[in-house]
Amino acid sequence: GSKWSYLGAEGEKMWAKKYPFCGGLFQSPIDFHDDILQYDSTLLPIELEGYNVSSFEQFILTNNGHSVKMSLSPTMNVRSLPNRYSAAQLHLHWGNRNKQEGSEHTIGGRHFAAELHIVHYNSDQYLDMNSAADKSDGLAVLAILIEIGQFNPSYEKIFSHFQNVKYKDQETSISAFNVQELLPDRLDEYYRYEGSLTTPPCYPSVLWTVFRKPVQVSQEQLLALETALYCTQQNDPAPLEMVNNFRRVQEFERMVLVSFRQ
Ligand SMILES: NS(=O)(=O)c1c(F)c(F)c(S(=O)(=O)CCO)c(N[C@H]2CCc3ccccc32)c1F
Ligand SMILES: [Zn+2]
């Protein structure tokens, strides 16, 4: 089992001891600020294919002790990237009820409340996630920044099941739905850079697309995310709340491309 956490002796400052890439190059997440941004007119709007999965299909929601992840259908693909990338899973990062700033990427040093990641692997070159995860052109992650605002019925399709996955290794099956509902409406405005997984093993294998426009969930929905889940198993005598599961921003001396003019 992966022995790492976001806190204490196995926290992010120690990851590099067991997972050398975590101390390496091209690490994510990063802060987006003006002097590293460069407009690139060749960045096409993100095109999703096969995202509208029939509600007769199921997605599996799992608490893996680090996040809550949802399996996705490999018929879900991202076009308009150098290769065809097929969806593997989505998961979230968040803060806690007293500090609702748990996004991984930041804009002008500002955290958002939470962040959704949809992890895809290069299905042109590799068989599955595991064989793609450590290849430089292996993965593409779509990142959606989440802020507090209106109740979001699409996010509720995931959040309403948290009581069934409170503890590590619990899972539940939910009716599939169109995951595009979880994205902002502007798929043509995003930040683009080559980075890494933000958890161990931190492979520098991710083509990041971070949408400029955040989505909104309500205060109550965010509170549910911040208070429902545990990193520990149900029978663990020392329960650990699953909070603050975001990596701090990494030093970054490279340009980030943007598909939009200011
Ligand atoms: N922020 S992120 O997008 O970098 C990222 C995570 F933050 C995260 F938590 C996970 S995980 O699988 O839930 C737990 C750690 O592997 C993955 N999972 C990836 C990592 C390697 C791998 C292999 C097979 C399936 C999924 C993943 C991940 F890509
Ligand atoms: Zn993530």
Side-chain angles (χ1 to χ4, degrees), residues 1-7 10-12 15 18-22 24-30 59-74 76 78 85-95 102-106 111-123 125-146 158 162 165 167-171 179 182-183 191-211 225 229-232 240 242-250 252:
S2 43
K3 284 289 291 168
W4 58 272
S5 80
Y6 288 95
L7 197 68
E10 294 156 346
E12 59 188 279
W15 290 357
K18 283 186 198 159
Y19 305 96
F21 284 107
C22 296
L25 303 171
F26 295 89
Q27 289 299 288
S28 297
I30 60 173
F59 291 143
I60 308 291
L61 199 63
T62 306
N63 177 332
N64 65 12
H66 306 295
S67 180
V68 57
K69 69 176 183 178
M70 188 167 86
S71 67
L72 297 172
S73 157
M76 294 168 56
V78 181
Y85 286 84
S86 299
Q89 52 113 292
L90 63 75
H91 61 268
L92 293 122
H93 302 268
W94 58 89
S103 70
E104 295 212 301
H105 291 89
T106 56
H111 276 272
F112 287 76
E115 190 166 330
L116 174 76
H117 289 156
I118 310 176
V119 185
H120 302 73
Y121 68 93
N122 180 339
S123 47
Q125 313 284 347
Y126 309 106
L127 259 182
D128 58 20
M129 209 25 227
N130 282 308
S131 45
D134 62 346
K135 309 297 189 299
S136 61
D137 61 351
L139 305 180
V141 180
L142 301 183
I144 294 96
L145 298 165
I146 298 171
I158 298 172
F162 285 158
V165 287
Y167 302 100
K168 185 173 187 289
D169 301 331
Q170 289 187 331
E171 56 183 45
V179 165
L182 303 178
L183 275 67
Y191 301 85
R192 164 67 49 76
Y193 75 100
E194 290 176 350
S196 75
L197 297 174
T198 67
T199 60
C202 306
Y203 295 134
S205 61
V206 180
L207 185 65
W208 282 96
T209 300
V210 181
F211 292 106
L225 177 62
L229 306 170
Y230 288 84
C231 302
T232 42
L240 273 175
M242 190 181 284
V243 290
N244 307 319
N245 60 347
F246 62 95
R247 190 185 195 185
R248 275 55 182 178
V249 294
Q250 306 293 305
F252 184 83

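Ligands are counted one by one from 1 in listed order, and the atoms in each one are counted from 1 as well. We number each residue from 1, following the sequence as shown.
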Those atoms of ligand 1 less than 4.0 Å from some heavy atom in [X]:
| X | result |
| --- | --- |
| H93 | 1 (N), 7 (F) |
| V119 | 3 (O), 29 (F) |
| N64 | 11 (S), 13 (O), 14 (C) |
| H117 | 1 (N), 3 (O) |
| N130 | 23 (C), 24 (C) |

Q. Between Y193 and S28, is any side-chain donor less than 3.5 angstrom from a side-chain acceptor?
A. yes
Q. Does a side chain donor of either Y230 or N63 reach within less than 3.5 Å of an acceptor in the other side chain?
A.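 Side chains of Y230 and N63: no pair found under 3.5 Å.
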**Q.** ligand 1 versus V206: contacting region, heavy-atom distance under 4.0 Å
**A.**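 Neither part.
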Q. Does L197 approach ligand 1 within less than 4.0 angstrom via side chain, backbone, both or neither, non-hydrogen atoms only?
A.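 For L197, backbone and side-chain atoms both sit under 4.0 Å from ligand 1.
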Q. Within the distance-only criterion (no hydrogens, no angle test), does the side chain of H111 pair as donor or acceptor with the backbone N or O of S103 below 3.5 angstrom?
A.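 Judged by distance alone, yes, a pair lies under 3.5 Å.
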Q: Indicate yes or no for a side-chain donor-acceptor contact from K69 to the backbone of N64 under 3.5 Å, with no hydrogens or angles considered.
A: no
Q) So, do W15 and Y6 have ring centers that fall under 6.0 Å from each other? A) yes
Q) Which atoms of the protein, restricted to N, O or S, are nearer than 2.8 Å to the Zn ion (ligand 2)? A)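 You should have found H91 NE2, H93 NE2, H117 ND1.
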